[in-house]
Every structure is written in C-alpha cells, then in structure tokens.
Amino acid sequence: MNLNKKSEWLRSPGFGLLVRLFLGGVFIYASLDKIQNPAAFAKIIDNYRILPLVTVNLLAIFLPWLELIIGVCLILGIARNGSSFILSGMILVFILAIGSVLIRGLDISCGCFTTSSEGDPIALKRLLEDLGFLILSLYLWLGPDSLWHWRLPRLWRSSLPA
Amino acid sequence: MNRDFIKTRMDQAVKEMLILLVLSAGIGLIYNTLSRNGLPLIARSQVQYSPEGQSFRSGSENPGAGYSDLRLINRAAAYRYFQSDSAVFLDARPVEDYLQGHIPGAMSVPIEKLVPEQVAKIPRERLLITYCSDPDCHQAFDLANALLDLGFGPVLVFHEGMSGWRLANYPIVRSSDESK
C-alpha cells in the first residue's frame, strides 16, 4: 500500500504534463539551430559515417523539422500516441548513433543541440542524457493520460480501434 | 503492462505517426526550397571525381572540405600505373593496416606518425599515388597535401583505397609475403 502511495505521483496527470513540457522544450530548442544551419547539420550527419552520402542532406532537411513538430505536439498535447512514439524512436536512433560513435572512437561533434563544431563533443554524457529522455518518452507513450491533451480529429482516427 | 496493451498503443500510434512524419517531411522540403540556406536534396561528394586524374577541384558547395586541388584517380587508372610500374604507391594508413595487406610495392607512410626518415625515402623523381582504406578515409588526402607542401612532385590520390582495390581483385600482399 505504502509503495502505491509513493508511486502515485507517477500516475498523476500533472507529472505527465511536466514531462511533456520538458521534452517538448528540449526538442524544440534542439531543432532551432539545425533548421537555421542545414549545411552544417548535414556535415555533422556525414561525420557519423553511418548513412550513405545521398541520404545525408535529406535527413538534415527532415530531422530538425520532425524534432520541432514533435516538440510542439508534446507541449500542446496533440497526438500524444504518435508523437511520443516517434520521440522514443528518434531518441533510440540517437542512442544507437552515439553509441556506435563511442565504440568506433570517432572524435566528432554530436550535433545534438548545436551545429557549431565546438563545445558539443560526443561523450558518454550525451548517451546517458538520451537514455533519460528515452525513459521519459516511453513513460509518455505507455503511461497514463496527462493534463490537457487532445487527440487528432475524429476524421483521422475513424479506423482506429476504440 | 501486457502485450495487448502495447499493441493497442502501437495501433493508435501508427496513424498519428504517419501524419506527423509526412507533415515534417513536407514542411522541411518546403522550407528548404524557400530558404536561402537550402540544401540540394542529394548530397554530392566533396571531391569531384575525375577518371583519369586530369581535372580536379574540391567541391565549392561544401565549405570547409579543406582539400584543395588534389588529383584523384579511380581503381582502373591506379591499376594501369601499378602494372606499368610508372608510379610509387604510398600507403597512408597506420602500419598495422599496411602489414595486414597492401598494394604490392607500396611504401608504408602512415600520415599520423609521419617521420622525416620515411619522407626521405620517398623518391622525388617519380609520380606518387597515395591511398588509405576506403573512399571515406582522409589519410590519403592528408598525406598528399603534406607531400605537396614538402615540395614533392605530382601526387595523385587513389581515393577508392584498399577497399576499391580489393573489390577489383587486384593483387594484395601482406608484409610477411614480401619479405620472403
């Protein structure tokens, strides 16, 4: 019983809202610099040496906007399932990418929050940070409804199970 | 938290996810088209490729590429130089990689530990061709730049490197074979 009481805050809608605001803020903040400097961001993606060159620019164009839109969705509480699912997917990909860089011992900048080549090196810190984000994001996806959230209009989910 | 629960959440997520992905891709593409900083959709290699190693320039689309005026050759051209023995191949990779297999007759000149004694052994009168492991590696370019700075004559970069050489099934020696 005691345990249940202690973990009650985990199920409170207010906590979900806080997590949403936090992750949304983080991802919107992370997206802005990349949207303004797509060339620098493309170079950073290329430096990871994971993707073939032909896909690098496309990802540099697409990913920052995905981050921004997901961030806005989280803050406004729109499409909670879809946005938190994509969020978890993105963070998982980031974790794999950073992990592979650490394993290969590449000395490149992360491009996580800034496209400047200084002050954002890939380090274990980033990996742990992303693991934390992943846990929060999975909480959003699988956890209880949070305060003030909306689903997409009925038109879009007419074929979904009730 | 059982499997059905996750499946339901997953089903709900899929449609919203598609909408969000398409939306992001659409806005991203539109913004990229309208923005002054827009990128070409398909990234091109930083170094322009020239089959015969004649014309060459590093791409101006990617500032900061850092490699100026290096001449590149592909594996067919490299193989012709190899067969006619008209060039000296320089292996820019670390010695361990060199020992595991290199182009026959190539000298090991690891750029990361470049020492004057090694540079002194490089013939000045001959055409030099640098290479490293694959098209993504930088050592061959760095070595070629360093040699040009040191006043060495014509230097070509075989940018496909050992991986390209292997793919073509051209001969490879290990150092132990050569010393026999």
Side-chain angles (χ1 to χ4, degrees), chain A residues 31 34-43 45-47 49-74 78-90 117 138 140-143 151-153 155-162, chain B residues 1-49 58-66 94 112 132-138 159 161 163:
Chain A
S31 72
K34 298 173 201 163
I35 288 177
Q36 283 162 352
N37 302 296
F41 186 49
K43 182 78 190 135
I45 297 177
D46 191 33
N47 283 343
R49 301 205 205 159
I50 292 173
L51 292 171
L53 190 63
V54 287
T55 62
V56 163
N57 280 6
L58 288 173
L59 191 64
I61 291 167
F62 168 63
L63 188 61
W65 281 99
L66 187 63
E67 287 180 340
L68 179 66
I69 287 176
I70 297 298
V72 170
C73 282
L74 288 175
I78 304 168
R80 156 261 183 93
N81 267 316
S83 55
S84 56
F85 187 71
I86 295 179
L87 186 72
S88 309
M90 271 200 291
S117 54
L138 287 175
L140 281 188
W141 184 42
L142 299 171
R151 295 206 167 170
L152 287 178
L155 171 72
W156 291 110
R157 51 194 183 91
S158 52
S159 68
L160 290 178
Chain B
M1 205 183 302
N2 58 31
R3 193 173 285 171
D4 283 348
F5 172 73
I6 292 190
K7 190 178 174 303
T8 316
R9 279 286 150 93
M10 194 82 133
D11 289 342
Q12 288 170 351
V14 168
K15 201 160 200 177
E16 291 178 350
M17 200 176 77
L18 284 178
I19 295 170
L20 291 171
L21 289 175
V22 170
L23 191 68
S24 308
I27 295 180
L29 286 174
I30 292 169
Y31 176 81
N32 186 64
T33 313
L34 300 179
S35 159
R36 269 190 301 131
N37 298 337
L39 296 176
L41 293 187
I42 305 296
R44 274 203 258 125
S45 172
Q46 286 167 8
V47 196
Q48 305 248 311
Y49 167 66
S58 54
S60 54
E61 288 169 50
N62 292 281
E112 271 133 26
C132 43
S133 57
D134 55 64
D136 286 332
C137 65
H138 288 202
H159 73 290
S163 67

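Letters A, B, ... mirror the listed sequences (proteins, then strands); counts begin at 1.
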Chemist: Which bit of L21(B) is near chain A, if near means a heavy-atom gap under 4.5 Å: side chain, backbone, both or neither?
Modeler: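 Both backbone and side chain.
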Chemist: Taking all non-hydrogen atoms of both residues into account, name the closest pair between W65(A) and G28(B) and its distance.
Modeler: CD1-CA, 3.4 Å
Chemist: State, to 0.1 Å, how close R80(A) and E16(B) come at their nearest heavy-atom pair, and which atoms those are.
Modeler: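 Looking at all heavy atoms of both residues, the closest pair is N-OE1, 3.9 Å.
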Chemist: For a quick test of reading the model, state the closest non-hydrogen atom pair linking A60(A) to L39(B) and the distance between them.
Modeler: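 It is CB-CD1, 4.1 Å.
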Chemist: Check whether S84(A) gets within reach of chain B through its side chain, its backbone, both or neither, counting any heavy atom under 4.5 Å.
Modeler: neither
Chemist: Any chance you could measure F41(A), atom CZ, to N37(B), atom CG, to the nearest 0.5 Å?
Modeler: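 Those atoms lie 14.5 Å apart.
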Chemist: Would you call Y31(B) and I61(A) a side-chain contact if the rule is heavy atoms closer than 4.5 Å?
Modeler: no
Chemist: Is it the backbone or the side chain of N32(B) that comes under 4.5 Å from a heavy atom of chain A, or both, or neither?
Modeler: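 Only the side chain of N32(B) comes within 4.5 Å of chain A.
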Chemist: By a 4.5 Å heavy-atom criterion (distance strictly below it), what part of L58(A) contacts chain B: side chain, backbone, both, or neither?
Modeler: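 Contact with chain B: backbone and side chain both.
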Chemist: Could you tell me the separation between the SG atom of C73(A) and the CD1 atom of I19(B), rounded to the nearest 0.5 Å?
Modeler: 10.0 Å
Chemist: CG of L20(B) to CG of L87(A): how many Å apart, nearest 0.5 Å?
Modeler: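 Atom-to-atom, L20(B):CG and L87(A):CG are 11.0 Å apart.
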Chemist: Between atom CD1 of I27(B) and atom CD1 of I35(A), what is the distance when rounded to the nearest 0.5 Å?
Modeler: 9.0 Å
Chemist: To the nearest 0.5 Å, what is the distance between CD1 (I42(B)) and CG (L53(A))?
Modeler: 9.5 Å
